[in-house]
Amino acid sequence: MSLVLELQQQSIESNSDVLSLLRKALLVAHKLELKDFEKWINSELNGYQNGDKIPNYRKVFGEIKGKNPYNGVWMPVIITGEHAQDAAASKLVTNSIGDLYAISKSDKEVVIPMTSSENIMFSKNLPFQAKFELFISSSIVNHIIEQVKTNILNWTLVLEEKEIIGEGMSFSQEEKNKAKSESQIINYISNFYGDMIDSQFQQGTSKSSQNKK
């Protein structure tokens, strides 16, 4: 079976290893000299860096809570206005797929620290400076992982449609040339990129406290 068809098969298996899937996809992208797709895979494997574009499927929503510095209680934050609430309670996450996979296996809530400017903004009507964080269900993290699998599946379907499937571990020069000239393949990645927001996941529960670097 060709690498492309192996990727298809692995993408539809419910218990498939997403890290193995990405590494195999990286091999295909490298052999076909598809630089943009190779960069996307490396970002998923290693995490997104400052200045990278982050795909829209990594945008997550949660509940903002503030920690009272006097009694340690986490309090939900009420933000008026639909658009203001959506903007404040969403983040684009940069962690590697390996980190996200580990988080998805936990039943704990995922905690994303708010930025310094957001902490100041949310504290402006309070008599104290509170610490605010975004609390997210771990099931949302699993959605990111499943979307990565779906993207790889769709990509391989496009390759097969263009008759780029290879033989064993190799691709012909004709297949390589076709891969680099087909606009549908070249533009695949740009269709699901989003804007960059620096963010990192941490695990925890609404009752726990964690030291952050």
Side-chain angles (χ1 to χ4, degrees), residues 7 10-30 35-65 67 74 87-119 131-156 188-213:
L7 274 174
Q10 193 172 345
S11 296
I12 63 176
E13 294 173 354
S14 59
N15 61 343
S16 63
D17 181 352
V18 67
L19 290 175
S20 173
L21 184 68
L22 279 167
R23 290 177 186 131
K24 192 175 292 184
L26 178 63
L27 182 62
V28 172
H30 183 76
K35 301 300 183 184
D36 285 345
F37 205 78
E38 190 174 348
K39 180 180 179 181
W40 169 71
I41 297 170
N42 276 316
S43 294
E44 288 293 337
L45 286 171
N46 303 315
Y48 289 83
Q49 306 301 314
N50 286 336
D52 288 346
K53 291 183 178 180
I54 301 182
N56 288 320
Y57 60 78
R58 277 177 167 263
K59 185 175 184 178
V60 297
F61 291 84
E63 181 182 17
I64 303 173
K65 295 180 182 179
K67 186 176 184 179
W74 286 95
S90 66
K91 293 284 185 181
L92 286 167
V93 296
T94 63
N95 302 66
S96 71
I97 204 71
D99 288 345
L100 299 186
Y101 180 77
I103 291 172
S104 71
K105 297 304 179 183
S106 170
D107 59 356
K108 296 179 180 179
E109 287 183 290
V110 179
V111 178
I112 303 180
M114 306 301 280
T115 64
S116 298
S117 59
E118 288 171 328
N119 279 320
K131 177 176 65 176
F132 295 88
E133 295 177 338
L134 191 65
F135 288 76
I136 299 168
S137 167
S138 58
S139 63
I140 297 178
V141 179
N142 192 62
H143 172 74
I144 296 176
I145 296 170
E146 292 303 315
Q147 187 60 56
V148 168
K149 293 181 180 180
T150 300
N151 285 335
I152 293 175
L153 174 60
N154 287 333
W155 177 60
T156 59
Y188 186 83
I189 291 297
S190 61
N191 291 333
F192 55 81
Y193 271 139
D195 294 329
M196 172 68 181
I197 298 178
D198 189 19
S199 177
Q200 288 291 326
F201 267 145
Q202 289 197 348
Q203 285 180 276
T205 68
S206 58
K207 297 181 180 179
S208 71
S209 61
Q210 296 183 342
N211 294 324
K212 298 177 177 62
K213 296 180 180 180

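Bear in mind the structure is a predicted one, so any value in this text is a computation, not a measurement. The figures here come from the full heavy-atom set of this structure, side chains too, leaving out hydrogens, waters and symmetry mates. The residues of the chain are indexed from 1 along the displayed sequence.
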Do [X] and [Y] have side-chain heavy atoms sitting under 4.5 Å apart?
X: N42; Y: E38; answer: yes
X: K53; Y: K39; answer: no
X: F135; Y: V111; answer: yes
X: Y57; Y: V148; answer: yes
X: K149; Y: Q10; answer: no
X: I112; Y: V60; answer: yes

Which heavy atom in [X] sits nearest to a heavy atom in [Y], and how many Å separate them?
X: R58; Y: I144; result: CG-CG2, 4.0 Å
X: L92; Y: P55; result: CD2-O, 3.9 Å
X: S11; Y: L21; result: OG-CD1, 3.6 Å
X: K91; Y: L134; result: CG-CD2, 3.7 Å
X: A25; Y: W155; result: O-CH2, 3.9 Å
X: L100; Y: V141; result: O-CG1, 3.3 Å

Spacing of [atom1] belonging to [X] relative to [atom2] belonging to [Y], to within rounding of 0.5 Å:
X: H143; Y: S137; atom1: NE2; atom2: OG; value: 12.5 Å
X: I97; Y: L45; atom1: CD1; atom2: CG; value: 8.5 Å
X: L7; Y: I12; atom1: CG; atom2: CD1; value: 11.5 Å
X: I140; Y: K59; atom1: CD1; atom2: NZ; value: 13.0 Å
X: F37; Y: I152; atom1: CZ; atom2: CD1; value: 6.0 Å
X: L22; Y: L26; atom1: CG; atom2: CG; value: 8.5 Å

Problem set entry | Exam field: side chain S20 to backbone D17, donor-acceptor pair closer than 3.5 Å |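 Side chain of S20 to backbone of D17: no pair is present.
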For this session: Please check if the side chain of N119 supplies one atom and the backbone of F132 the other of a donor-acceptor pair under 3.5 Å.
Result: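 Judged by distance alone, yes, a pair lies under 3.5 Å.
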Exercise. Should we count OH of Y101 as having more than 12 external heavy atoms under 6.0 Å?
Worked result: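 No, the 6.0 Å shell around OH holds no more than 12 heavy atoms from other groups.
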Problem set entry | Check: N151/Q147 side-chain N/O donor and acceptor closer than 3.5 Å |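 Side-chain D/A pair, N151 to Q147: present.
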